[in-house]
Amino acid sequence: MVVGFEKAVSATKSVVTSAKKAPTTLSSDRVINFARGDPTMYESYWRQMGEKCTIVISGHNLMSYFSNAGHFCWFLMPELDRAIRRLHCVVGNAVVDDDRYIVVGNGSTQLFQAVLYALSSSYDPDTEPLSVVAAAPFYSSYPEETEFLRSGLYKWAGDAYSFDKDGAYIEVVTSPNNPDGAIREAVVNRDGGKLIHDLAYYWPQYTPITGKADNDIMLFTFSKATGHAGSRIGWAIVKDIEVATKMVKFMELSSIGVSKESQLRAAKILEVISDDCQNSAPDKGENFFEYGQRLMSDRWEKLREVVKRNGVFSLPKYPQDYCNFIGKYTDPSPAFAWLKSKDGLNCDNLLRELKIVTRGGTNFGVDSNYTRISMLSPDEEFNLLLERLSAIKGTIINGNN
């Protein structure tokens, strides 16, 4: 439900001083949606790549269910397996030795469901469901994804910081975190726990790559790595073959594998990125990650300046660190801005009055004075966001949640 700014102010008895409207433009009445993490900002880069990523598939190709009938993940294309391992080696963000198992899925969302099944299916079905937790603010879809199937194997148990139940549990560690961009580690740290590391944003455009992640279960997604959300490709890097095999079984029963066309497209794009990263020619241009890091850094600099001027909001501060891939110290530039109202006003409602749709803090397990804004939109929309945020000036007082 969209609540008007006047109603929000009345309900909270807040006063906005010196409020100014942005100049009227052709797009002044347009609602802009920053609640989604749709990575369309990368389109201009891939457009300039021309035909380098084009693949041609004949009508008689790719007709079988099977990609490699003798492989534990029988629907994983060998080309994608090789491309994933190569890219992680080039970037240096994850261990992909031969004793690590790659499981491909229809995006990381399906892989998350598969991991929950794999980790919980070995427990006694006569006991209560396995608790699934994540530290707040947690990714807003975790609760819904966990509860969607109403499984008797597992259940959402909320904030890891307040979890005090004995026995087995699953903790999801998202690092860099969605929504606040923080580098995370496990919180519960008790016997009987299983960890899922969601590393969707552990790429150089979002955060310094400080070392190779080497966790038991690591989830990655094509959409955030390269921007190709429409291909619906994600992958897990798993140490335990039993867990990996159960994940494959889940996807076999839910979707009978993953589209070969999508896998081949992903493999081609990942190979192009790896080739460009390893290109040592003196006249070479920016590789994809250098481009993304520059663009994200520029956007964060502009957003911080606007937020500093209007005096109404605040943003997290992140420590600079040495990025092994870039070869210098860089600032984190998360995929989402975790915006906070300084005086306690409902941040999501305030921005909706400016026709900016965001995802409020209560979706992430925290107060409504926070909201998440995607940093991945096209330039036109991002510039309009900055324009509208600049329209809010002054101080909000007497605010209540």
Side-chain angles (χ1 to χ4, degrees), residues 37-62 67-68 75-94 96 102 104-108 199-207 209 220-235 237 258-299 323-327 330 333 335 375-382:
D38 200 15
T40 49
M41 63 173 258
Y42 297 122
E43 182 179 341
S44 59
Y45 178 87
W46 293 112
R47 188 183 299 275
Q48 73 183 18
M49 296 297 285
E51 300 298 314
K52 289 184 69 174
C53 297
T54 298
I55 59 173
V56 178
I57 301 173
S58 300
H60 65 278
N61 291 148
L62 312 180
S67 298
N68 186 348
F75 47 83
L76 170 61
M77 299 288 287
E79 297 91 331
L80 181 58
D81 187 310
R82 290 192 296 269
I84 288 171
R85 293 178 188 273
R86 181 188 176 196
L87 184 65
H88 282 299
C89 288
V90 168
V91 175
N93 63 341
V96 283
I102 304 293
V104 66
N106 294 290
S108 59
L199 304 182
Y201 303 96
Y202 191 45
W203 296 100
Q205 66 267 48
Y206 307 120
T207 191
I209 303 302
F220 291 90
T221 172
F222 193 41
S223 64
K224 299 309 185 293
T226 72
H228 294 87
S231 294
R232 307 311 310 129
I233 291 291
W235 61 91
I237 304 172
V258 178
S259 164
K260 291 183 179 181
E261 287 86 349
S262 290
Q263 290 190 63
L264 285 183
R265 185 188 189 212
K268 178 66 174 181
I269 291 170
L270 296 184
E271 287 291 353
V272 167
I273 292 176
S274 294
D275 287 345
D276 285 349
C277 289
Q278 294 184 313
N279 182 359
S280 58
D283 59 343
K284 73 180 184 70
E286 288 181 312
N287 63 54
F288 172 74
F289 294 120
E290 291 170 339
Y291 166 87
Q293 197 275 334
R294 176 178 57 80
L295 180 59
M296 292 296 296
S297 178
D298 179 67
R299 288 191 171 194
C323 179
N324 295 330
F325 176 81
I326 300 293
T330 60
S333 301
M375 297 291 285
L376 304 175
S377 63
D379 288 341
E380 177 188 3
E381 290 187 1
F382 184 75

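These figures come from a predicted structure and were not determined experimentally.
- Side-chain polar atoms of Tyr291 and Ser44 form a donor-acceptor pair below 3.5 angstrom.
- Heavy atoms only, all atoms of each residue included: Gly227 and Pro39 are closest at O-CG, 3.5 Å.
- Taken to the nearest 0.5 Å, the OG atom of Ser274 stands 11.0 Å off from the CD1 atom of Ile84.
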Assess whether side-chain contact (heavy atoms from CB on, under 4.5 Å) is satisfied between Val104 and Gln263, documenting all intermediate values.
CA-CA 9 Å; Val104 66; Gln263 290 190 63; 4.0 Å; yes

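- In this view, Gln293 satisfies the side-chain hydrogen bond (donor to acceptor under 3.5 Å, both in side chains) rule with no residue, not counting sequence neighbours.
- To the nearest 0.5 Å, atoms CG (Leu80) and OG (Ser262) are separated by 10.0 Å.
- When every heavy atom of Arg265 is checked against every heavy atom of Ser231, the shortest pair comes out as NH1-OG, 3.0 Å.
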Working note: Met49 + Asp276, criterion side-chain contact (heavy atoms from CB on, under 4.5 Å); need CA distance, chi angles, decisive distance, verdict.
CA-CA 11 Å; Met49 296 297 285; Asp276 285 349; 3.4 Å; yes

Taking it one step at a time, do Ile55 and Glu261 satisfy side-chain contact (heavy atoms from CB on, under 4.5 Å)?
CA-CA 9 Å; Ile55 59 173; Glu261 287 86 349; over 6 Å; no

Applying side-chain contact (heavy atoms from CB on, under 4.5 Å), run through Leu76 and Asn68 and close with a yes or a no.
CA-CA 7 Å; Leu76 170 61; Asn68 186 348; over 6 Å; no

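- Shown here for Gly285 and Glu290, the closest heavy-atom pair between the two residues is O-OE1, 4.2 Å.
- A cation-pi geometry, defined here as NZ or CZ lying under 6.0 Å from the six-membered ring centre and within 45° of its normal, holds between Arg299 and Phe382.
- When side chains are defined from C-beta on, Leu264 counts as touching Leu62, because their heavy atoms get closer than 4.5 Å.
- Between Lys268 and Thr54 the shortest side-chain heavy-atom distance does not fall below 4.5 Å.
- Under the salt bridge (charged side-chain N to carboxylate O under 4.0 Å, His left out) criterion, the residue pairs touching residues 78-90 are Asp81-Arg85, Arg86-Glu271, Arg86-Asp275, with sequence neighbours excluded.
- Inter-residue side-chain proximity for Leu376 and Tyr206 is flagged as met; some heavy-atom pair is nearer than 4.5 Å.
- Between Cys53 and Trp46, some side-chain heavy-atom pair lies under the 4.5 Å cut-off.
- Counted by atom type alone, His228 and Thr226 present one or more donor-acceptor pairs between their side chains at under 3.5 Å.
- Listed for the Ser223 side chain is no donor-acceptor partner under 3.5 Å among the backbone atoms of Ala229.
- Taken from CG in Asn93 to CG in Leu199, the straight-line distance is 8.0 Å, to the nearest 0.5 Å.
- With rounding to the nearest 0.5 angstrom, the CG atom of Asp379 is 6.5 Å from the CG atom of Leu295.
- Rounding to the nearest 0.5 Å gives a distance of 13.0 Å between CZ of Phe222 and OG of Ser108.
- The structure places CD of Gln205 at 11.0 Å from OG1 of Thr330, a figure rounded to the nearest 0.5 Å.
- A heavy-atom distance below 4.5 Å is found between the side chains of Cys277 and Phe325.
- Between Val91 and Pro204 the shortest side-chain heavy-atom distance falls below 4.5 Å.
- Residues Pro78 and Ser67 come closest through the heavy atom pair CD-O, 4.3 Å.
- Across every non-hydrogen atom of Met41 and Ser377, the tightest pair is CB-O, 3.2 Å.
- Using a 4.0 Å cut-off between charged side-chain N and carboxylate O, Glu43 and Arg47 make a salt bridge.
- Put simply, the side chain of Asn279 does not reach to within 4.5 Å of the side chain of Asn287, judged on heavy atoms.
- Ring-centre distance between Trp203 and Phe220: below the 6.0 Å cut-off.
- Taking the side chain as every heavy atom from C-beta outward, Arg294 and Phe289 never approach each other to under 4.5 Å.
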